[in-house]
Amino acid sequence: MTPTPMTTTPDVRRTIRASTATEAGAPPVTGADPAVRIPAQAGPPGTRTGCTTPADTTPTDGDTTGAPAPHDPCAHGFLPERPPVRSMIGTWTRLDALAREAAVATDRATAVDIVDRADRADELTALRQRVSRLSPRNAEAAAMRVAVIAVSCGWGALDPQAPAAREVANEAFLELWAAIAHRIDHDQFVALPTLALHNWAPERKPRRHIPIDQLARTEQLVPIVRWAPEGQPLSRLDRLMLAATRLEAHGIWLFRLADTLAGRAPDDSSTPTALRRLVRIQHALRAQLHSEAAELAAAPATDQQRAVLAALAEQGALEPPVLQAADAVLGIGGRRPGEGRRQHLRRHLPAQHRAWLSAMDRHCAPVRTLAHRGGPDAAVYREAQESLIALRRTYTALVQTAAAPTPGGPLPEAA
C-alpha cells in the first residue's frame, strides 16, 4: 500500500511557506493563508493528499508585484508545473536543431564547430534578441537546450558572464546562455535537474489532464532531445535521465512526508510512524532504480556521452532533487556535510527549490536530534538514514553503469 503522510498543522505549513517565499525573493506569507488546508485521508497513488495545490507561478496581467507564488513540492515534487515543451516554435526551432545536433556530435570539437557555424550565420544573436519575449515555460525549455549544448561542448563548468569564459567558449553563445539564465533567474542550471526534468515527454498524448507526477509515473516517457541519433536505440545517457525523471515522480510521497515531519518534536508519537513510512518510500525508490538498471546497462554509449557524465559528476551536478529533499530531513547517515557542501549540491536548483530545502533544514532539525538519542524512536531514525544511504549508493551505481565503457556489473541488491 502506498504510504500516506499525516496531517501537518496549518501553523507549521504557514511558517514553511512564509520562510520559503522570503528566501526565494517573494514577500512572506502573513495572516490567514487561504491555500492551506488540512489534508484528507489517503487516496490511491497519484491523488493529492496532505498538500496544497500551488497557485500558478506565472504572474498574471493583474499581478503588479511580479513575484511568483511560494513553491509547494507537495503538489508534484520538483518536476515542472506542466509537461516540458516538446517542440519550440518560430526562430527558436533553430535552438532545437542546434541542441539535437550537439547531443549526437561525435566529440566536443564537433559540437563546438556546430555552435561556431550558428554564430557565423547570426543565429545565436537572433535568439539572444528574443529571450525577453519567452514565456516562463518556454524559457525553461530554452534553458534545457542551452544546457545540452553547453555540456556537449565541454563548457558546462563555465560562468557565462565571466570574462575568462570568452577565452574558452563562443562569445555569442555565452551571451545567449547568460540572457536565458537571467530570464529564469538561475545562473547554475546546467545540471541534471535541467537536463533530465525538462527533457522528457509522454510518448502518447494523455486523453485527460492528470497531475504531472502521475503522468511521469504512469506514461511511457521519451526524451525530447535525444543523445542517440534518430532511428537508433536510446543511449545510456537518455535512459539515465529518464530514470532520474521517474525517480522524481515516484518520490512525490517523500516530499509529502518531509512536509509532515517539519515542525515535529522528536518525542511526538507520530514522528516514528512518519519515519517508518519514509523508510518504505526510500526502499520503493531504490526498487524503482533497480527496475531501470538492466535496460540502461544494455543500452549503447559513446565516449562523448561518457565525457558529459564525467563533467557533470565533477561539478557535483548529478544529485537528484528528491535525494536532496531526503537529506534535508535526515542528514546524510549521521555525517551531515558542511553547509558549503550542501549549498554546492543545491546551487543547480531554482531559487524556490533551494529555499524549500533550506526551510526543511530548519524545520526538521528537531527530528534530527534523534541521531544522538537511544531507544526505539532513535533506532527508527537511524534506519531511515541507512535507507537513504543505500538509495544514494544505488543511484550512484546507476550513474557508474551509464558511464562505464562496457556493460557494468550488477547493482547492489534491493532491500
Side-chain angles (χ1 to χ4, degrees), residues 84-88 91-128 141-160 165-178 180-181 189-196 198-201 222-242 244 296 299-315 317-318 399 401-406:
V85 174
R86 186 189 291 263
S87 298
M88 303 194 76
T91 306
W92 292 99
T93 58
R94 188 54 191 144
L95 184 64
D96 246 339
L98 285 173
R100 295 174 199 276
E101 289 180 67
V104 297
T106 55
D107 52 37
R108 288 179 174 178
T110 304
V112 171
D113 186 57
I114 291 169
V115 174
D116 288 340
R117 288 203 311 267
D119 180 19
R120 289 193 295 270
D122 289 331
E123 293 171 340
L124 300 179
T125 301
L127 293 172
R128 164 65 185 87
M144 182 273 287
R145 289 151 174 84
V146 165
V148 168
I149 297 169
V151 295
S152 296
C153 294
W155 300 333
L158 296 179
D159 176 354
R166 281 156 174 74
E167 301 174 6
V168 178
N170 180 283
E171 186 169 353
F173 178 76
L174 290 173
E175 290 176 356
L176 173 63
W177 180 353
I180 289 177
F189 63 81
V190 181
L192 185 81
T194 299
L195 288 173
H198 294 279
N199 190 25
W200 63 273
V222 295
I224 294 173
V225 176
R226 288 169 51 105
W227 292 84
E230 289 294 334
Q232 295 187 17
L234 294 182
S235 70
R236 288 187 196 167
L237 187 51
D238 287 318
R239 292 192 178 278
L240 175 65
M241 291 183 178
L242 291 177
L296 186 146
T302 66
D303 290 341
Q304 169 72 338
Q305 292 165 11
R306 286 190 285 270
V308 167
L309 271 177
L312 290 174
E314 186 178 355
Q315 298 165 39
L318 287 175
V399 173
T401 300
T406 56

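Keep in mind that what you see is a predicted model, and the values were worked out from it rather than measured.
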Worksheet item: Does the N199 side chain pair with the main chain of P223, one donor and one acceptor, at a distance under 3.5 Å?
Response: no
Item to complete: Output the distance between atom CG (L95) and atom CE (M144), rounded to the nearest 0.5 Å.
Response: 9.0 Å
Using distance only, find each side-chain donor-acceptor pair of residues 114-121 under 3.5 Å and give its atom names and separation, not counting sequence neighbours.
residue	atom	partner	partner atom	Å
D116	OD1	N170	ND2	3.0
R117	NH1	D113	OD2	2.8
D119	OD2	N170	ND2	3.1

Worksheet item: How close do L158 and A169 get, heavy atom to heavy atom, and via which atoms?
Response: CD1-CB, 3.7 Å
List the atom pairs, donor and acceptor, that lie under 3.5 Å between side-chain atoms in residues 97-107 and the rest of the protein, sequence neighbours left out.
residue	atom	partner	partner atom	Å
R100	NH1	I224	O	2.6
E101	OE2	R94	NH1	3.3
T106	OG1	T110	OG1	3.4
D107	OD1	A109	N	3.3
D107	OD1	T110	N	2.8
D107	OD1	T110	OG1	2.7

Response to the item:
Heavy-atom closest pair (W227 atom, M241 atom, distance to 0.1 Å) is NE1-SD, 4.1 Å
Worksheet item: CZ of R226 to CG of L234: how many Å apart, nearest 0.5 Å?
Response: 5.0 Å
Discussion item. Check this for me: does any side-chain nitrogen of one of R145 and D96 sit under 4.0 Å from a carboxylate oxygen of the other?
Written reply: yes
Practice prompt. Mind checking side chain to side chain donor-acceptor pair (under 3.5 Å) for E175 and listing every partner two or more places apart, or none if nothing turns up?
Written response: none
Worksheet item: Roughly how far, to the nearest 0.5 Å, is OG1 of T91 from CD of E123?
Response: 10.0 Å
Worksheet item: Heavy atoms, side chains only, cut-off 4.5 Å: are W155 and V112 in contact?
Response: yes
Item to complete: Enter the distance from L312:CG to L240:CG here, rounded to the nearest 0.5 Å.
Response: 9.5 Å
Item to complete: Please report the closest heavy-atom contact between S152 and A111, naming both atoms and the distance.
Response: O-CB, 3.7 Å
Response to the item:
Scanning both residues in full, the closest heavy-atom pair of A301 with A402 reads CB-O, 4.4 Å
Worksheet item: How far apart are the C-alpha atoms of W177 and I149, what are their side-chain angles, what is the distance that settles it, and do they pass the side-chain contact (heavy atoms from CB on, under 4.5 Å) test?
Response: CA-CA 10 Å; W177 180 353; I149 297 169; over 6 Å; no
Discussion item. Using 0.5 Å steps for rounding, measure from the CZ atom of R128 to the CG atom of L176.
Written reply: 8.0 Å
Worksheet item: Can you tell me how far CG of L318 sits from CG of L309, rounded to the nearest 0.5 angstrom?
Response: 6.5 Å
Worksheet item: What pair of heavy atoms forms the shortest contact from A404 to R306, and how long is it?
Response: O-NH1, 3.6 Å
Response to the item:
Minimal heavy-atom distance between R86 and A201, with the atoms involved, is NH2-CB, 3.4 Å
